[in-house]
A.B. asks: 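Below you will find the structure I want to go over with you.
Positions are given from 1 along the sequence. All of these numbers come straight from a predicted model, not from anything done at the bench.
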Amino acid sequence: MKTFLVIIATACCSFVCAQDSAYVIKGNVGTGVNGKLVFAYFKNSMYNYDTAVVTKGQFTFKGFTTEPLQGTMFWVKKQYPGNVQFYVEPGGTTILNGSADSLKNITITGASINKDMVALKALFENEDKAYEANAKGYDLPENKTNKAALDSLDEVEKQIQRNKRALLVSFIKQHPQSLLAAYSVIENYSYDVEPAEIRNVYNLFHSNIKKAAIGKKINNIATIFEKYSVGKKLDKINQPDTSGQMISLASLKGKYVLVDFWASWCAPCRAENPNIKKAYDMYHSKGLEIYAVSYDDAKGKKKWINAINKDGLPWIQVSELKGWSNETSENFYIKSIPANFLLDKDGTIVAKNIFGDKLLAKLAVLLP
């Protein structure tokens with residue numbers, strides 16, 4: 001299942017308030033080079049873009065942050081191709097040296113976290129290339145309606161995910177105080193994770209990381225996954241439908257309910273809709289209801305309604321129209337869609353993130 005994953009700006013996620021400290025980015029991209037560079041980063045729930053003038057190859061950025069902050073540097077108006085990703089640290093100076101026309105090969109020094117970034121990038125290189133190659137398979141016309149091919153791509157994707165997690169665990173064991181490794185946990189353990197899996201990873205870290213904001217976030221994620229694991233109850237959801245009428249999940253008690261998280265702009269979600277519709281057509285008369293929560297925003301309301309009509313989705317559709325800021329995203333830590341919970345008549349979770357034939361097989365047992 002090729003999913004849509006929200007990019008999680010982990011360096012900006014904090015559970016404690018701290019005062020910003022200054023950081024500096026200095027560099028040289030070649031004598032005689034003039035122009036403008038952009039440093040783009042995610043902070044305070046929004047993307048920020050700082051610009052620096054390059055004079056005879058020299059440039060300087062200055063800013064403030066409470067924690068290591070990841071950003072991307074590139075040329076204004078694509079004066080030269082490429083970009084480079086790196087971290088800045090509060091109170092520190094990051095130094096970049098290289099060629100203007102080869103930013104991706106630039107040398108990064110000054111912020112210790114960048115050493116781990118380079119090491120992890122090398123560690124994940126083969127799996128990242130495999131993921132990119134596999135992802136292209138979903139877009140091939142001959143595969144889009146070929147269930148066997150899609151199932152095969154799904155299995156490859158899951159194996160790549162397992163491989164990356166195993167590599168990350170080995171890195172954490174060798175670097176238990178690595179902040180970058182902690183950020184990587186957020187990126188690699190946000191979807192299709194067993195609670196014990198992320199809890200075990202959290203326990204590998206040094207107490208210094210556990211006490212840090214990022215460590216507290218990992219602990220919080222593990223706690224959420226434990227709270228909403230199979231066998232546990234799902235908290236109530238109460239959101240407006242397309243006409244603005246509030247519909248609560250609790251009102252469906254006594255029925256089996258598939259709580260589906262999707263969005264009109266999410267291609268994998270739209271591709272899964274026919275499978276959900278098949279399940280609905282087969283089992284609605286036997287007691288199945290679907291409660292779909294959209295991560296569309298207010299500007300996308302018309303697209304949301306059009307998608308419902310175009311895909312022929314007759315079940316309950318609700319949304320706060322706040323995009324990823326929908327309360328369920330944080331409450332249940334849903335950072336990748338499509339996602340779902342299958343509930344029994346009492347609201348107990350009997351399955352999570354179950355799609356296609358697996359969903360039908362589960363329903364066949366529950367609603368024979």
A.B. asks: Can you label the angle between the Tyr280 ring and the His284 ring as parallel, tilted or perpendicular, going by 30° and 60°?
C.D. replies: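 The rings of Tyr280 and His284 lie parallel, inter-plane angle below 30°.
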A.B. asks: Below 4.0 angstrom, N of the basic side chain to O of the carboxylate: do Lys136 and Glu132 qualify?
C.D. replies: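 A salt bridge is absent here (no side-chain N lies under 4.0 Å from a carboxylate O).
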A.B. asks: Could you label the plane-to-plane angle of the Phe261 and Phe341 rings as parallel, tilted or perpendicular, counting under 30° as parallel and over 60° as perpendicular?
C.D. replies: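 Ring orientation, 0 to 90° scale: perpendicular.
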A.B. asks: Could you pull out all residues at least two apart from Ser229 that satisfy side chain to side chain contact (heavy atoms under 4.5 Å, CB included)?
C.D. replies: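 So Ser229 forms a side chain to side chain contact (heavy atoms under 4.5 Å, CB included) with Pro195, Lys232.
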A.B. asks: Does Lys286 have any side chain to side chain contact (heavy atoms under 4.5 Å, CB included) partners at least two apart in sequence or in another chain, and if so, which?
C.D. replies: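 By the side chain to side chain contact (heavy atoms under 4.5 Å, CB included) rule, Lys286 matches Tyr283, Leu367.
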A.B. asks: Do side-chain atoms of Thr55 reach the backbone of Gln58 as a donor and acceptor pair under 3.5 angstrom?
C.D. replies: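 The answer is no, because no donor-acceptor pair under 3.5 Å joins these two groups.
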A.B. asks: Between Arg270 (side chain) and Ser264 (backbone), is there a donor-acceptor pair under 3.5 Å?
C.D. replies: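 Such a contact is found between Arg270 side chain and Ser264 backbone.
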A.B. asks: Would you mind telling me which of Asp311, Leu313, Ile305 makes a side chain to side chain contact (heavy atoms under 4.5 Å, CB included) with Asn309?
C.D. replies: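 The side chain to side chain contact (heavy atoms under 4.5 Å, CB included) with Asn309 is passed solely by Ile305 among Asp311, Leu313, Ile305.
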A.B. asks: Measure the acute angle between the ring planes of Phe39 and Phe61, then classify it against the limits of 30° and 60° as parallel, tilted or perpendicular.
C.D. replies: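 Phe39 vs Phe61 ring planes: tilted.
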A.B. asks: Between Asp297 (side chain only) and Lys322 (backbone N and O only), is there a donor and an acceptor less than 3.5 Å apart?
C.D. replies: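 No, Asp297 side chain to Lys322 backbone: no donor-acceptor pair under 3.5 Å.
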A.B. asks: Would you say the side-chain atoms of Asn353 pair up with the backbone N or O of Asn340, donor to acceptor, closer than 3.5 Å?
C.D. replies: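 Yes, the answer is positive, given that a donor and an acceptor are paired below the 3.5 Å cut-off.
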A.B. asks: Ion pair present between Asp50 and Lys62, side-chain N to carboxylate O less than 4.0 angstrom?
C.D. replies: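 No, Asp50 and Lys62 are not salt-bridged.
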A.B. asks: Would you say the side-chain atoms of Ser319 pair up with the backbone N or O of Ser294, donor to acceptor, closer than 3.5 Å?
C.D. replies: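 Here the side-chain-to-backbone pair exists.
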A.B. asks: Looking at Ala148, is its backbone amide N or carbonyl O close enough to the side chain of Asn146 to form a donor-acceptor pair, meaning the two atoms are under 3.5 Å apart?
C.D. replies: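 Yes; at least one donor-acceptor contact below 3.5 Å.
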A.B. asks: Short question: side chain of Glu320, backbone of Glu327 - any donor-acceptor pair under 3.5 Å?
C.D. replies: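 Indeed, once roles are kept as given, a pair shorter than 3.5 Å links the two residues.
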A.B. asks: Which atom names give the shortest non-hydrogen contact between Lys36 and Gln79, and what distance separates them?
C.D. replies: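 Taking Lys36 first and Gln79 second, the nearest heavy atoms are N-OE1, 3.8 Å.
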A.B. asks: Are the charged groups of Lys233 and Asp346 less than 4.0 angstrom apart, N to O?
C.D. replies: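 Looking at Asp346 together with Lys233, the answer is no, because their closest N to O distance does not fall below 4.0 Å.
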A.B. asks: Treating Ser329 as the side-chain partner and Asn326 as the backbone partner, does any N or O pair qualify as donor plus acceptor under 3.5 Å?
C.D. replies: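 Checking the backbone N and O of Asn326 against the side chain of Ser329, no donor-acceptor pair under 3.5 Å is found.
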A.B. asks: Answer yes if the ring centres of Tyr41 and Tyr49 are under 6.0 angstrom apart, and no otherwise.
C.D. replies: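 Ring centroids of Tyr41 and Tyr49 are no less than 6.0 Å from each other.
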A.B. asks: Answer yes or no: is there a donor N or O on one side and an acceptor on the other, between the side chain of Asn219 and the main chain of Gly215, under 3.5 Å?
C.D. replies: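 No: the side chain of Asn219 does not pair with the backbone of Gly215.
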A.B. asks: With no hydrogens and no angle check, is any side-chain donor or acceptor of Ser102 less than 3.5 Å from a backbone partner on Ser99?
C.D. replies: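 A pair under 3.5 Å: no.
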A.B. asks: Does Lys210 qualify as a cation-pi partner of Tyr202, given the criterion of NZ or CZ under 6.0 Å from the six-membered ring centre and within 45 degrees of its axis?
C.D. replies: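 That pair qualifies as a cation-pi contact.
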